Amino acid sequence: MRLSLWSFEWRLLRREPLIVVLTALLVVLGAYASVTGSRFVRAQEQTIEELALEERSRLDSLRTLMARLERGESLAVSPFADPRSPAVAGRQVASRYTVLPPGPLAPLAIGQRDVQPFWALISTRTKQTFFVNDEIDNPVALLAGRIDLAFVVLVLYPLFILALTFDVVAGERERGTLGLVLSQPVAPSQVLTTKLLVRALVAVLLTVALSVAAALATGVALSDPTVLTRFALWCGMLLLYGAFWFAAALAVNARRLSSAASAVTLLGVWLVVVVILPAVSAAIISVTYPAPSRLALTTRLREATDAAAQQRQDALAAFMAEHPTYAADAGAGAPDPNVMAVALQDAAERMMAPRYAEFDAALDAQRVAADRLRLMSPALVLQGALLDLAGSGEARFRDYERQFDRFHSEWRAFFNDRLLGRQALTAQDYANIPSFTYREPTVGALVSRLLPGVLLLLVLTVALIWNARARMHRATLA
Amino acid sequence: MATSSPLLSAEGLTKRYGDTLALDALDLSIAPGEVYCLLGANGAGKSTTINCFLDFVRPDGGVAKIGGQVVAQHPLETKKRLAYIPETVMLYGNLSGLENLEYFATLATGARPATEELVAHLITAGLRDDQIRQRVGGYSKGMRQKVGIAIALAKRADVLLLDEPTSGLDPKASNEFHRLLGLLRERGAAVLMATHDLFRAKESGTRIGIMKAGRKVAELRADEIGHADLEKLYLTHMHD
Amino acid sequence: MIREIARKEFRELTRDGRFRLSAGIVGGLLLVASLAGFTAWREQAAQRDAAQNSMQALWFGQPAKNPHSAAHYGLWAFKPQLPLSFIDRGVDPYVGTASWLEAHRQNEFRFRPAMDATAAQRFGDWTAAAVLQHLVPLLIIVLAFGAFAGERERGTLRQLASLGVPTRALMTGKALGVAAALALLLIPVAVVGSALVLNAMGADGLLRLAAMTAVYLAYFGVVLGATLLVSAKARTARAALVVLLAAWAVNGIVAPRLAADVARMAHPTPTAREFTAEVQTALANGIDGHSPASARGKTLEDSLLKAYNVAKVEELPFNFNGFAMQRGEEHGNEVFDHYFDELWSTYAAQDRSQLLGAVASPLIAVRFLSMGIAGTDAAQHRAFATSAENYRRELNKKMNDAIAENAGAGQAFTYQADETLWRSLEPFTYEAPGLGSVWRTHLVSAVVLLLWMGLVAVLTRRSTSLAVV
């Protein structure tokens, strides 16, 4: 019987003009969202390609120049552009790009990528002076936000489920069919569950289908097993989120409300979950864990740099004490200005070290708080999960920043060691200049980030279903 | 007839809504082949009685039984054999008469019956061939009642609960409905009908009960009383 | 009669537990958002003043050094925020509130707060503006969707019609009743808001607050009128509610994003990389691309030698390098003016296209007006950026002129200036544009909002026939 009931429900659903219109709207918006997502990712990829091209041609010409110099050709080379000088090369001339490429499912969720810098031109200089390359999108457009698939799923998908389910019981009561249905030998809970399940399934399948279509259309690399796993998790999260909303609709339908009252109640739930709680969590974060100011950090760095410059002899002495090999054959006379610069930078950064640590700790504390506060609302849970899976969230950016910091140290070591060792760069060195590739977190790490949210969704769903069942046991629906 | 074991019975059925007593220790017993007509003013407790048999209302005291089973304890089993026809049979407007019947018959029997069978029921119930596949949205009240009868037929219901089924029907449709009711009665169904129509109660009922303020104040056999006497009796009860 | 209808509607609403609950929630959210926003604003204002002062102190405290090094040392300019920004933060999270002023380069958009914000913040800030723009309309819908459709379902509309109550009176009365119920919620908030603004900003602030109140009242009027219209036309309360909620979602969630997207497609923004590359190329080769820096330098040298009738630059009565650097700055300024103007006009074109979306969403127009009055729109950011940029140019000119006038021949980069020079630069001050310029910028938005009001007014006045059953 189940099956034939399902097919009847499906038939009823198909003949509801409002539902047909809403479905069409959701499909159109979903299609539009994947176009937006892929255009955005395409633009970033193009920038990345241009960066790579620029880097390759610059390094190629440097290598050619090095080869000619090593062959002993006499060429006029400005001291500010001499590829043999480790200081010059490491500061700018031989710089490589560090890139945070779009995440594996980036076309599905733009997330924070439109406000995060996604590339930097590495240098031996202090990170604060070159790490941030801001995009210049219209601020009004940024404020409005974008329609990507994550938005459709997060905001419109629950509205769609609710539109499909809000008056399943009340509507039948008001139209009078409920009495006839309940005079048949079927449990009211079975009728209600079937009706809701068919509707929820339509919504879930539609959204998953939209995701699959979007993934295929935007060239997400589903043939890669880790990407496929991420995508499967994405679909799993959609299912869970759908289940939560289905359970909410069930709980409201199990109450004897009029259809208008059900609609207002469910709308209230949607508003709290999707609008108010996220806003409240954002407010809590910005009050209790405000993002540390990069501007203030830069200002402090200037002060530290000034202080170091004013005590240049102290700075140099401290530096020499730490690099005895260099000090040993430095001899008398004015130090190499490049070494002096490194020494001053070193001194300034040593003064700044506690500030940097504070900054990082503040940012990390903010992230931890944000991760915890996600558990305030299923919408935040889903948003966090989708952005993590797509690779467009703040966790991945933080991860990039950390990998960048390691690479920055490696880069400095490579050039400064040669500078202090008084070695000119060789053609061989040019073959070995360190390069940066972002390493994605493992699927295991991702899953462990998702886990608390998944548990929350499950608990909420089960609690709502349980509440609805208890209610249906206590009173009849008629 | 009253001697065979009753299909429908109420024993001391009591229902309270706040301070008002909707049903006050109502006893009722209806055997197969009987049409029991409940008369009474609005609010006398007729619909509440029917709702108790449907388990739409849980009694505060006493039991409603169908085929010897207590409704409140066996809501699903008892519903297998009953058919319910309210004042207006509300159906899904987006489905045709046949599709509606298909749906309710499936709910009732647990399996999807053959279409020819369902068509036959609808024809028996008096719908024309061309009406069967029209959407119910355009059906008249009489046509909807016919679908209700067809549901009873498809379900092979032997208990019919009718809540003012003919009020608002034109005389011809009403007549047709009662003809169908006779057909079901002959097949051995027990019928409980709440109605305001004294004439119809006398014509197609076998027994008549008069209710007032949740109590049964009179009960008589339909063939023992004339139209005029029934009306007199009814009004007497309503006045005191 | 209208008064009676309004009174009945008001009485019904205020006795309804659901109204009390939802109005209480919306009012609470509004009040908390206002108070928290105001506190944050005051704190930020204090921080900004402190940062501006310490920046100034750093600048004055520079040791004797070459003026060009001082220009490279540079300083930050901070944007003062009007107190009304606590109501609507506008684009501030996406543009930042500071500008970095240094030699050779015009910087904008450094260190935007949004970069280090969490994704949760993209759901939208919890500001008074967000509550006014999204939640109050929703409250209006919930209050008024059943005004006609509900009465029709309950059969009371039939009664009213049989009594000969004209539709227009019914419409006006109901509108007034709902408005009165809303006033119960909004007036206390408005009083608190004016007290805060008056405290922080004085009379000019009150003028702005009045303008903002007018904008939002107009918006609520449009929403209320549209809600009553839909309620009058819909067959059931359920249908009215579904239609209105769909409209609410389009107005607040879908249309603004769609409009922004379409605007971006119509007038593409360059990527930061493209933009920087273009500026760099133009700096090196001239805007026309045919006058490389070396050639420009040569021309300048030749013309100066000729004008002063000397053979070598060392014989000029001023330091050639200082003079040439200032010429270089001026060339840079031309380039920056050209490209930043282009960028900002792209934004402006995008914003104009976004307003086309106001056909479906009056909120788009309201948002522009609200940001404008609060002093947090893109135009006022640009006014600040321009003012900061002029200050940067003044700074560079002072430094270069000092070299040209005071440095001996060939000593452009060894000449050292002292605190007197640093102190000759007046501290950076910025006066936000007045309300008049806000209206001029957002004239189209204001007109669009007025058109919406007119449309709703005409439609409600014309709905003289009301389906009773």
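Values in this document were obtained by computation on a predicted structure and should not be read as measured data. All chains are named by letter (A, B, ...) in the order of the sequence lines, taking the proteins before the strands, and each is independently numbered beginning at 1. Note that these values count all heavy atoms, side chains included, but never hydrogens, waters or copies made by symmetry.
For C:Tyr73, the parts lying under 4.5 angstrom from a heavy atom of chain A are both the backbone and the side chain. Contact of A:Thr47 with chain C is made through backbone and side chain together, with heavy-atom distances under 4.5 Å. Only the side chain of A:Leu363 comes within less than 4.5 Å of a heavy atom of chain C; its backbone N, CA, C and O stay farther away. When heavy atoms are compared at a cutoff of 4.5 Å, A:Asp114 approaches chain C by way of both its backbone and its side chain. Both the backbone and the side chain of A:Glu50 have a heavy atom closer than 4.5 Å to some heavy atom of chain C. When heavy atoms are compared at a cutoff of 4.5 Å, A:Gln383 approaches chain C solely by way of its side chain, counted from C-beta outward. Using a 4.5 Å cut-off between heavy atoms, C:Met265 touches chain A through backbone and side chain atoms alike. Contact of A:Leu22 with chain C is not made at all, since no heavy-atom distance falls under 4.5 Å. Contacts of C:Leu135 with chain A are made by side-chain atoms alone, with heavy-atom separations under 4.5 Å and no backbone atom involved. Looking at A:Val280, the atoms closer than 4.5 Å to chain C (heavy atoms on both sides) sit in the backbone and in the side chain alike. Neither the backbone nor the side chain of A:Ala309 comes within contact range of chain C, judged by heavy atoms closer than 4.5 Å. Contact annotation for A:Leu142: both backbone and side-chain heavy atoms come within less than 4.5 Å of a heavy atom of chain C. Both the backbone and the side chain of A:Val140 come within less than 4.5 Å of a heavy atom in chain C. C:Pro93 does not touch chain A: none of its heavy atoms, backbone or side chain, sits under 4.5 Å away. For A:Ala379, the parts lying under 4.5 angstrom from a heavy atom of chain C are both the backbone and the side chain. Looking at A:Ile147, both its backbone and its side chain come within 4.5 Å of chain C, counting heavy atoms on both sides. Of the two parts of A:Ala163, neither the backbone nor the side chain holds a non-hydrogen atom closer than 4.5 Å to a non-hydrogen atom of chain C. For C:Leu58, the part sitting under 4.5 Å from any heavy atom of chain A is the side chain, from C-beta outward, and nothing else. Contact annotation for A:Leu373: neither backbone nor side-chain heavy atoms come within less than 4.5 Å of a heavy atom of chain C.
By number of non-hydrogen pairs under 4.5 angstrom with chain A, the leading residue of C:Phe275, C:Trp126, C:Phe368 is C:Trp126. Chain A forms the most heavy-atom pairs under 4.5 Å with one residue out of C:Gly90, C:Ser22, C:Pro256, and that residue is C:Gly90. Taking chain C as the reference chain and counting heavy-atom pairs below 4.5 Å, the highest number among A:Asp167, A:Leu387, A:Val152 is found for A:Asp167. When C:Gln354, C:Met55, C:Met371, C:Arg238 are compared by the number of non-hydrogen pairs under 4.5 Å with chain A, C:Arg238 comes out ahead. Chain A forms more heavy-atom pairs under 4.5 Å with one residue of C:Leu138, C:Val32, C:Ile25 than with any other, namely C:Leu138. Ranked by heavy-atom pairs under 4.5 Å with chain A, the first of C:Thr118, C:Thr236, C:Thr269 is C:Thr118. Comparing C:Ala130, C:Ala260, C:Ala36, C:Ala119 by heavy-atom pairs within less than 4.5 Å of chain A, the highest count is held by C:Ala119. When A:Leu159, A:Val155, A:Leu271 are compared by the number of non-hydrogen pairs under 4.5 Å with chain C, A:Leu271 comes out ahead. Comparing A:Gln112, A:Glu394, A:Gln366 by how many heavy-atom pairs each has under 4.5 Å with chain C, the most go to A:Gln112.
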For A:Arg374 and A:Asp388: C-alpha separation, side-chain torsions, deciding distance, then whether salt bridge (Lys or Arg N to Asp or Glu O under 4.0 Å) applies. CA-CA 13 Å; A:Arg374 271 186 192 182; A:Asp388 280 346; 3.3 Å; yes
Side chain to side chain contact (heavy atoms under 4.5 Å, CB included), that's the test. Do A:Leu164 and A:Ile19 meet it? Break it down for me. CA-CA 7 Å; A:Leu164 254 57; A:Ile19 286 172; 3.8 Å; yes
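No hydrogens or angles considered: a donor-acceptor pair under 3.5 Å links the side chains of C:His442 and C:Asp377.
No salt bridge links C:Asp261 with A:Arg39; every basic N to acidic carboxylate O contact stays at or beyond 4.0 Å. The existence of a salt bridge linking A:Arg367 and A:Asp364 is excluded, since no basic side-chain nitrogen approaches an acidic carboxylate oxygen closer than 4.0 Å. The pair A:Arg398-A:Asp360 meets the salt-bridge criterion, with a side-chain N (NZ, NE, NH1 or NH2) lying under 4.0 Å from an Asp/Glu carboxylate O.
Proximity of A:Leu257 to A:Phe166: side-chain heavy atoms (C-beta onward) are nowhere separated by under 4.5 Å. Inter-residue side-chain proximity for A:Val264 and C:Phe145 is flagged as met; some heavy-atom pair is nearer than 4.5 Å. In this structure, C:Leu343 and C:Pro270 have side chains that are in contact, with non-hydrogen atoms separated by less than 4.5 Å.
The two residues C:Ser370 and C:Asp88 make their nearest non-hydrogen contact at OG-OD2, 2.6 Å. Of all heavy-atom pairs between A:Gly37 and A:Ile110, the closest is CA-CD1, 4.1 Å. Looking at every heavy atom in both residues, A:Ala120 comes nearest to A:Phe130 through CB-O, 4.0 Å. Contact between A:Tyr97 and A:Glu55 at its shortest, heavy atoms only, is N-OE1, 2.7 Å.
Taking the salt bridge (charged side-chain N to carboxylate O under 4.0 Å, His left out) definition, one finds that A:Glu303 meets it with A:Arg300, sequence neighbours left out.
Residue A:Phe359 places its CZ atom among more than 12 non-hydrogen atoms of other residues, nucleotides or ligands, all under 6.0 Å distant.
With rounding to the nearest 0.5 angstrom, the CD atom of A:Gln44 is 6.5 Å from the CD1 atom of A:Ile48.
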